[in-house]
Amino acid sequence: MIWLTWRQHRGEVIGVATLLGVLGVLALVTGIPMRAADAPCLQATEACEHTFRTFREQYGVLPLEIATWLQIVAVLAGVLIGAPLLAREYEHGTWQLAWTQGVSRTRWLSVKLILVLGFMAAAGLVLSLVMGWWLDPVIPVGFHPDRFNFAAPVYPSYILLAVAMGVFFGAFIRRTVPAMAATFAVFLPLRLGVESGLRPSYRAPLSGDSGGWASGNWVLERLFVDSAGRPLTRSAEEQLLNLASDGDLEAVARRLGFRQSTTYHPASRFWEFQFIEAAIFGGLALALTALIVWRVRRG
């Protein structure tokens, strides 16, 4: 079964390995000079912001562009590798031959799932390590979406769920193209919905005058409040903006007795949020895998 699975999916293995190899070469060629350069300062000052902006313009264009495109790798893994895994067997009728050659359907399915899911999880881990190393100097904040989404264990969990979802739709729909479409239509909104809607609420955010990106915190909201900590009324906001139209907004706010309050998640929560999100996607992948086994055993 292991040899048969390799024969059936060696094209996908070669394709994924080629992608990782090309990505690794690009990361090394551009990342080594980037890390050899002077590290940009991260203080919340105008001089440091200018230095960091210059550093990013010089070294960050390629890794940031590739990170944008690689956001779709997980869903493509589900569409191109997961969905055809069983759907193609049903379409071509080869599942009937496999189950009459002395191999139980449970063993047949188990070998396929363990090898394919295991390989894709390992590939996701390698990709996350490469991208994390490459992006670290130009995105020094862990909670930045590009850094967070590519970190381990979150990124491998995206890959696992996408592939498991593709296999799931292939097992139930039994047609390759519809299973691909269903995987794309469900996984992408789910992943983006978790990022924008669920991730900020993994823990109750803190409020205070803590710094933003320079301290690595994930800033959710900044607003001016009065001396009692209450958000400004609309009239007070208009007064503040009118007085500061030609000056320093924060200086005018302090003169009026206002201060800026920040709602944020501290940088120390990064790994906690990583494991929470990985547990969500990994748990969904495990549940779908159980449903796949149930479906195939029913025939």
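Heads up: numbering here begins at 1 and tracks the sequence. Below, each value reflects all heavy atoms present in this structure, side chains not excepted, and no hydrogens, waters or symmetry copies.
Residues Leu161 and Trp294 share a hydrophobic cluster, clusters being chains of Ile/Leu/Val/Met/Phe/Trp/Tyr side chains in contact below 4.5 Å. One hydrophobic cluster holds both Val22 and Ile159 under the rule that ILVMFWY side chains link at heavy-atom gaps under 4.5 Å. Both Tyr90 and Phe172 sit in one connected hydrophobic cluster of ILVMFWY residues. Membership requires side-chain heavy atoms under 4.5 Å apart, directly or through other members. In the hydrophobic cluster analysis, where Ile, Leu, Val, Met, Phe, Trp and Tyr join through side-chain heavy atoms closer than 4.5 angstrom, Ile66 is grouped apart from Val61. Cluster membership for Leu19 and Leu80, using ILVMFWY side-chain heavy atoms within less than 4.5 angstrom, is not shared.
Side-chain contact between Leu160 and Leu284 is absent, with no heavy-atom pair separated by less than 4.5 Å. Side chains of Trp133 and Arg35 form a contact here, defined as non-hydrogen atoms less than 4.5 Å apart. For the pair Ser201 and Leu198, the minimum side-chain heavy-atom distance is below 4.5 Å. Side-chain contact between Arg295 and Phe168 is absent, with no heavy-atom pair separated by less than 4.5 Å. Arg199 has its side chain within reach of Trp218: a pair of non-hydrogen atoms, C-beta onward, lies under 4.5 Å apart. Side-chain contact check for Asp136 versus Arg147: some heavy-atom pair is nearer than 4.5 Å. For the pair Ile139/Arg56, a side-chain contact is recorded, criterion being any heavy-atom separation below 4.5 Å from C-beta on. Looking at Phe169 and Val186, their side chains come closer than 4.5 Å, going by heavy atoms from C-beta outward.
Between Ala87 and Ala83, the shortest heavy-atom distance links the atoms CB-O, 3.3 Å. Ala171 approaches Leu86 most closely through the heavy-atom pair CB-CD1, 3.8 Å. When all heavy atoms are compared, the tightest approach of Val79 to Thr183 is N-CG2, 4.1 Å. Residues Ser157 and Gly282 share a closest heavy-atom pair of CB-N, 4.2 Å. Here the closest non-hydrogen pair linking Tyr59 and Ala37 is OH-CB, 3.5 Å. Between Pro63 and Leu135 the shortest heavy-atom distance is O-CD2, 3.8 Å.
Note: Phe143 and Phe273 have perpendicular aromatic rings, judged against thresholds of 30 and 60 degrees for the angle between ring planes.
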Pair Val194-Phe281, side chain to side chain contact (heavy atoms under 4.5 Å, CB included): steps then yes or no: CA-CA 10 Å; Val194 169; Phe281 282 86; 3.8 Å; yes
Residues Leu190, Met165; criterion side chain to side chain contact (heavy atoms under 4.5 Å, CB included); working and verdict: CA-CA 11 Å; Leu190 173 64; Met165 187 176 291; 4.1 Å; yes
CA sep, side-chain torsions, deciding dist, call: Arg269, Asn217, side-chain hydrogen bond (donor to acceptor under 3.5 Å, both in side chains): CA-CA 9 Å; Arg269 291 181 177 177; Asn217 296 333; over 6 Å; no
Trace of the side chain to side chain contact (heavy atoms under 4.5 Å, CB included) decision for Lys112 with Glu89: CA-CA 12 Å; Lys112 276 183 169 289; Glu89 298 272 7; 3.2 Å; yes
Audit row: His265, Tyr202, side chain to side chain contact (heavy atoms under 4.5 Å, CB included) steps and yes/no: CA-CA 10 Å; His265 289 294; Tyr202 291 160; over 6 Å; no
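Atom CH2 in Trp108 sits 9.0 Å away from atom CG in Leu113 (nearest 0.5 Å).
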For residues 67-75, which side-chain donor-acceptor pairs fall under 3.5 Å, sequence neighbours excluded?
from: Thr68; atom 1: OG1; to: Leu64; atom 2: O; distance (Å): 3.0
from: Trp69; atom 1: NE1; to: Glu65; atom 2: OE2; distance (Å): 3.1
from: Gln71; atom 1: NE2; to: Asp146; atom 2: OD1; distance (Å): 3.1

Identify all side-chain donor-acceptor contacts of residues 114-132 below 3.5 Å with residues at least two apart in sequence or on another chain.
from: Ser128; atom 1: OG; to: Gly124; atom 2: O; distance (Å): 3.4
from: Ser128; atom 1: OG; to: Leu125; atom 2: O; distance (Å): 2.7

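Every residue meeting the side chain to side chain contact (heavy atoms under 4.5 Å, CB included) condition with Leu192, not counting sequence neighbours, appears here in chain and number order: Leu188, Glu195. When the side chain to side chain contact (heavy atoms under 4.5 Å, CB included) test is applied to Pro84, the partners found at least two apart in sequence or on another chain are Arg88, Thr176, Met180. For Thr263, the side chain to side chain contact (heavy atoms under 4.5 Å, CB included) criterion is met by Pro205, Ser207, Leu220, Glu221, not counting sequence neighbours.
Side-chain contact annotation: Tyr158 with Glu277, donor-acceptor N/O pair under 3.5 Å present.
Heavy-atom contacts from other residues, nucleotides or ligands closer than 6.0 Å to CZ of Phe184 number 12 or fewer.
With salt bridges taken as basic N to acidic carboxylate O contacts below 4.0 Å, one links Arg175 and Glu91.
Listed by first and then second residue, the salt bridge (Lys or Arg N to Asp or Glu O under 4.0 Å) pairs that reach into residues 116-127 come to none, sequence neighbours excluded.
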